[in-house]
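This report refers to the structure that appears directly beneath it.
Each chain gets a letter, A, B and so on, in the order its sequence line appears, and its residues count up from 1.
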Number of protein chains: 2
Amino acid sequence: MSQDLAAGDALAAGDAPAAGDAPARRGRPRSEKAHQAIMSAAAELLLERGLAAVSMDAIAERAKVSKATIYRWWPTKESLALDALYHEWSDVPEPADTGTLRGDLLSMLLPWARLAARRPYGRVVSALLTQAQTEPEFAAEYHTRFIGPRREQARAVFDRAVARGEIPPGTDIDVALDLIYGPVYHRLLHGHAPLTDQFVRDVIDMALRGIATPGPVRAAAGRPA
Amino acid sequence: MSQDLAAGDALAAGDAPAAGDAPARRGRPRSEKAHQAIMSAAAELLLERGLAAVSMDAIAERAKVSKATIYRWWPTKESLALDALYHEWSDVPEPADTGTLRGDLLSMLLPWARLAARRPYGRVVSALLTQAQTEPEFAAEYHTRFIGPRREQARAVFDRAVARGEIPPGTDIDVALDLIYGPVYHRLLHGHAPLTDQFVRDVIDMALRGIATPGPVRAAAGRPA
DNA sequence: ATATAAAAACTGACCGTCTAGTTTTGTACA
DNA sequence: TGTACAAAACTAGACGGTCAGTTTTTATAT
């Protein structure tokens, strides 16, 4: 470390070529044990208290790690939370190829919904969402790691259904995806009603009827031009 | 305005020694001008920066009001944000009675979606959601003032549709509501795609086909009554 | 001796409280 | 109608405490 700036008499303009960079550290602690400890501590505390109520000191203490070690690898508390949640959800399996759209969707959504319903994940997800809406960089990472892959999986499932002739070829897949995921996230985030297996099934059934049924809308009375 | 805030009437009846009293200050500044100024300043800053990045000092400064005045009437920053958002959204009209379920839903959702799409309301909503998931008291107020009334309105709309025979009588209205609101909130909160008029229309059309179509689910495997 | 990490001190921002002094408002009396 | 008085609402600003994120110092392992 160069201490030459300590005196401060001169401006030390010479350190312009300080290519040292390292503004965005990325990676994980050298020791896999430390990495596990940090991930677990962060996930536990996040679920216990919510992002806002968890301090970095608390995470460092529970992980038996120095706060500086955390900051060495994660630039902010939010990015740590993102990794911790990702770590927690890495168990969720790939969608199965059951032969029907309904079966494929159930195989994707049920395990995830059960996991999400069992513990207060909605709290963490909404906190990350809030952060994503303010920090474009964070939003990009959130979408790249969480939303994007899951949406691509689901899109493939729908593509198969189109190929099988289960749903019309002209279907707007983006709307269809939101029609399925929207209600599930709605319950997860708003908590006005429980996120049960039955609800997931009902949503899939109703949404699929709406998606698969071709033709114009019934009862389009009073529809403006 | 002489006695609207006096507790006189209720007090006379031998009210329980709920002497605890006054932990939650409720009301608004005496001066309507100050109230407006605080609401506007809070709403502006909230939309500009998001809840977490707005300090009470900043709100007080922009409203040209002392911070103590704000704390006199609002216990926390979050409750102030709740009121500010409510104030902003008070313009959204009642649902019209157009004679069709589709028309009624459009009259409810389109104005609101346009308002929400015009400015970053999703940021504020998600912050309030996060707070609601951690503070039960806050959650109660959030649901009482935002979710509840809107859901009751929508429920009435669906009840009319059942009465008209537009949708089957046994329809689970709670699921139907989530099928409509879920996708709209999904786009508002996740921002993966724009919340356009066309999207709202598509969601309503698809969801209504799914809701209105009677009969069993295609390929219904083991669905209980 | 060199790299790594723990420990701990430090900076700066901000929440929510509090004090002390000023203005507004309501009331009562002349 | 005007004046005196009290209660409540307001202002300005300081303060204690918490916490994010940084930097310095000390210990450990290779």
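- Here the C1' atom of nucleotide dT18(D) and the CG atom of D57(A) are 10 Å apart, to the nearest Å.
- Taking every heavy atom of residues 127-136 of chain A and every atom of DNA chain C, no pair lies under 4.0 Å.
- Whole-Å rounding puts the L45(A) CG to dC19(D) P distance at 12 Å.
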Dump every N/O contact between nucleotides 6-8 of chain C and the protein below 3.5 Å, one line per pair.
unit_1 : atom_1 : unit_2 : atom_2 : d
dA6(C) : OP2    : S66(A) : N      : 3.4
dA6(C) : OP2    : T69(A) : OG1    : 2.2

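- When the P atom of dT4(C) is taken as reference, atom CD1 of I70(A) falls 18 Å away, rounded to whole Å.
- S126(A) and Q133(B) share a side-chain donor-acceptor pair at under 3.5 Å.
- In terms of heavy atoms, V54(A) sits closest to G50(A) at CG2-O, 3.2 Å.
- The side chain of W73(B) contributes no N or O atom lying less than 4.0 Å from OP1 or OP2 of dA9(D).
- A tilted orientation is assigned to the rings of W89(B) and Y121(B), their planes being inclined by 30° to 60°.
- In plain terms, the two heavy atoms of A58(B) and R49(B) that are nearest each other are CB-NH1, 4.1 Å.
- When the side-chain hydrogen bond (donor to acceptor under 3.5 Å, both in side chains) test is applied to Q131(B), no partner is found at least two apart in sequence or on another chain.
- For the residue pair H192(B) / D178(A), a side-chain donor-acceptor distance below 3.5 Å is found, with atom types taken as modelled.
- Of all non-hydrogen atoms in A84(A) and L46(A), the two that sit nearest each other are CB-CD2, 4.3 Å.
- The distance from atom CG of L80(B) to atom P of dG16(C) is 11 Å, rounded to the nearest whole Å.
- In this structure, W112(B) and Y185(B) have tilted ring planes: the angle between them lies in the 30° to 60° band.
- Among all heavy-atom pairs drawn from S66(B) and A60(B), the shortest one is C-CB, 4.1 Å.
- Taking atom CD on E61(B) and atom P on dC15(C), their separation rounds to 13 Å, with Å as the unit.
- Whole-Å rounding puts the K77(B) NZ to dT18(D) C1' distance at 14 Å.
- When the P atom of dG16(C) is taken as reference, atom CZ of R72(B) falls 17 Å away, rounded to whole Å.
- Between the C1' atom of dG21(D) and the OH atom of Y71(A) lies a distance of 5 Å, rounded to the nearest Å.
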